[in-house]
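Within every chain, numbering begins at 1; the chains are lettered A, B, ... in the order of the sequence lines, protein sequences first and strands thereafter. Atom set for the values below is all heavy atoms of this structure, side chains included, hydrogens, waters and symmetry mates excluded.
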There are 2 protein chains.
Amino acid sequence: MTAPPPGPTLLVLDAEPLPRLGRLTGRARIEHVDASALAGRLPYADVLLVWDFPTDAVREAWPGDGPRPRWVHTASTGVDHLMCPELTASDTVVTNARGVFDRPVAEYVAGLVLSMAKDLPRTWDLQRVREWRPREVTRVGGTRACVVGSGPIGRAIARTLKTLGVTASVVGRVPRTGIHGPADLDRLIARADWVIAAAPLTERTYGMFDTRRFGMMQPSARFINVAHGALVDEEALVGALSKRWIAGAALDVLRREPLAPDSPLWQVPGLLLSPCMAGNTVGRSDELGRQFVELYDRWEAGKSLPNVVDKQRGYVPGY
Amino acid sequence: MTAPPPGPTLLVLDAEPLPRLGRLTGRARIEHVDASALAGRLPYADVLLVWDFPTDAVREAWPGDGPRPRWVHTASTGVDHLMCPELTASDTVVTNARGVFDRPVAEYVAGLVLSMAKDLPRTWDLQRVREWRPREVTRVGGTRACVVGSGPIGRAIARTLKTLGVTASVVGRVPRTGIHGPADLDRLIARADWVIAAAPLTERTYGMFDTRRFGMMQPSARFINVAHGALVDEEALVGALSKRWIAGAALDVLRREPLAPDSPLWQVPGLLLSPCMAGNTVGRSDELGRQFVELYDRWEAGKSLPNVVDKQRGYVPGY
């Protein structure tokens with residue numbers, strides 16, 4: 001029998017692809033579990049790394065008996081999928097992957113904005129049916145965007161759009177320098193050419209894009225969601241598109257994923273869908289692994305952790 | 001009988017949509033002609049405004065007998081469609097629409113680059129067949145572009161890509177500060193993730209993107225042409241795509257436009273086509289009209305004109 005490796009027990013949930021945790025060899029007992037084994041192993045773990053983030057396994061397994069990990073890190077920006085009252089009430093520290101997805105998501109939004117302005121989806125539809133039909137396109141420079149969500153992703157989206165000549169306003173929960181507060185939201189939405197959802201999913205943001213808000217947008221406006229499906233009342237969006245209250249929309253996140261093949265959402269005119277690809281960049285797995293190891297170094301040394309989630313609010317507050 | 005309006009005769013070729021020339025009322029005899037009437041009216045014109053630029057009518061009508069306009073302005077960047085030996089040899093000044101298309105075309109290229117990096121065409125193909133298939137996308141930031149053509153459009157493309165974090169090199173006919181000369185072309189093409197054709201059509205650039213040049217590009221490279229169809233050996237491009245020498249291409253201009261419905265180009269895997277839409281922005285007609293009126297003001301006052309084309313070289317040389 002060999003002696004167990006030293007160090008705390010690090011439970012890694014459903015790692016596919018495997019994160020690069022080589023630097024932790026000999027410093028932690030690394031144990032990979034899938035969702036079905038999670039509840040049984042939680043009492044023996046010091047740290048839980050949630051790698052496969054679109055799972056509800058943590059929320060379901062957490063409330064059981066016995067000790068719980070002192071630290072949970074999720075390789076995602078959102079934490080809504082893992083929070084439960086017992087975790088919120090506990091002393092366990094929750095951290096997220098703040099910082100890794102900012103620029104990739106900003107690029108994705110810029111790609112959607114430019115595609116819609118240049119009518120590229122329609123152009124490629126026409127190519128498929130061998131139709132040469134020149135049309136006019138619109139300029140992106142000089143248009144107005146309202147980015148809802150003032151975290152690093154929302155701010156990166158605004159920065160990127162500004163470099164393209166777009167006047168981009170950011171709305172957050174609390175007004176501060178360069179960030180509008182909720183009181184400005186409806187006014188900014190009403191005059192935006194691009195309304196971009198980049199907010200955390202909280203009680204305050206759940207379903208915030210509803211019939212009333214789509215109703216106040218310009219007929220030429222386009223709506224983009226790269227944050228959380230549940231920010232949007234999808235039925236209201238379909239209604240707004242079909243009544244031409246707005247000119248188009250792109251959803252990279254949906255309320256139910258994967259979208260069922262028989263969902264009517266697939267074929268709503270003016271609605272572009274993508275399967276959560278905004279942050280899905282080649283190399284992100286390495287970057288998420290490196291970020292976790294950096295946090296682990298600090299945790300092991302007893303230093304304070306960055307990216308600590310306010311468990312009541314459901315995101316990392318602050319700057 | 002009313003007296004003829006005063007001023008020089010301004011011939012406007014095939015204006016659709018009509019340019020806003022209101023400011024010239026009472027200052028010029030404005031006469032609209034179509035291609036078939038052009039040859040008969042050329043001897044009576046002082047100025048020719050070529051509005052419908054994708055036409056060969058000027059090149060065909062110019063060599064006839066009688067006097068010729070002293071000034072030809074084309075509401076386009078390229079002049080290849082109007083140049084003929086007789087016009088080149090004449091004293092007639094040719095000006096173009098330099099400046100109007102820079103930012104629109106740069107936005108269009110940015111849209112194509114981001115669409116290809118984010119695999120958007122494939123995503124929307126999958127949406128059409130109701131298939132939810134998450135894939136990895138690539139970052140645009142940190143990639144390398146080689147922009148071939150150092151005029152205002154090429155430089156605007158490079159500037160815009162740089163704001164997205166792309167390392168963009170520009171290649172021109174003559175090396176100067178910030179611009180590479182032809183000696184660097186092949187080396188830059190060989191290491192670029194994006195090769196972007198933005199050059200004027202001249203004897204030196206005709207067919208320059210050929211089997212040899214596609215053969216030296218990286219397998220992951222994408223080729224984009226927003227300048228002139230004849231810069232590209234289309235057969236060589238199709239070959240390069242089918243042999244996977246390069247990863248993809250987007251052509252906004254083709255050798256023969258409109259593309260015939262039975263052309264094999266419509267369905268080459270990895271080839272995105274659009275019908276000359278890069279500069280086709282809403283409002284460009286106003287901007288082109290305003291630009292011409294500004295030049296007319298100077299011409300009428302006997303001042304020197306900007307945007308004068310070097311008729312030998314086929315573009316506005318200089319900065």
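Contact tally against chain A (heavy-atom pairs below 4.5 Å) for R128(B), E257(B), R133(B): the top residue is R128(B). In terms of non-hydrogen atom pairs under 4.5 Å with chain A, the most contact-rich of P258(B), G111(B), G141(B), G283(B) is P258(B). Counting heavy-atom pairs closer than 4.5 Å to chain A, the top-ranked of the candidates W124(B), Y108(B), W266(B) is W266(B). Interface remark: of the candidates R130(B), Q127(B), E136(B), R130(B) forms the most heavy-atom pairs closer than 4.5 Å to chain A. With chain A as the partner, the residue from L259(B), V140(B), T123(B), L272(B) showing the most heavy-atom pairs under 4.5 Å is L272(B). Between chain B and the residues K118(A), R139(A), E131(A), R135(A), the largest count of heavy-atom pairs under 4.5 Å involves R139(A).
Using a 4.5 Å cut-off between heavy atoms, T138(A) contacts chain B through both its backbone and its side chain. In this structure, no portion of R159(B) lies under 4.5 Å from any heavy atom of chain A. Both the backbone and the side chain of S274(B) have a heavy atom closer than 4.5 Å to some heavy atom of chain A.
Heavy atoms of other residues, nucleotides or ligands lying less than 6.0 angstrom from CD of E235(B) number 12 at most. For R103(A), the CZ atom counts as loosely surrounded, since its 6.0 Å shell holds 12 or fewer non-hydrogen atoms of other residues, nucleotides or ligands.
Judged by distance alone, the side chains of R144(B) and S169(B) never bring a donor and an acceptor atom under 3.5 Å apart.
A distance-only check finds a donor-acceptor pair linking the side chain of Q291(A) to the backbone of R98(A) [under 3.5 Å].
A 4.5 Å side-chain heavy-atom check between M217(B) and F209(B) finds at least one atom pair inside the cut-off.
The pair D193(A)-R222(A) fails the salt-bridge criterion, with no side-chain N (NZ, NE, NH1 or NH2) lying under 4.0 Å from an Asp/Glu carboxylate O.
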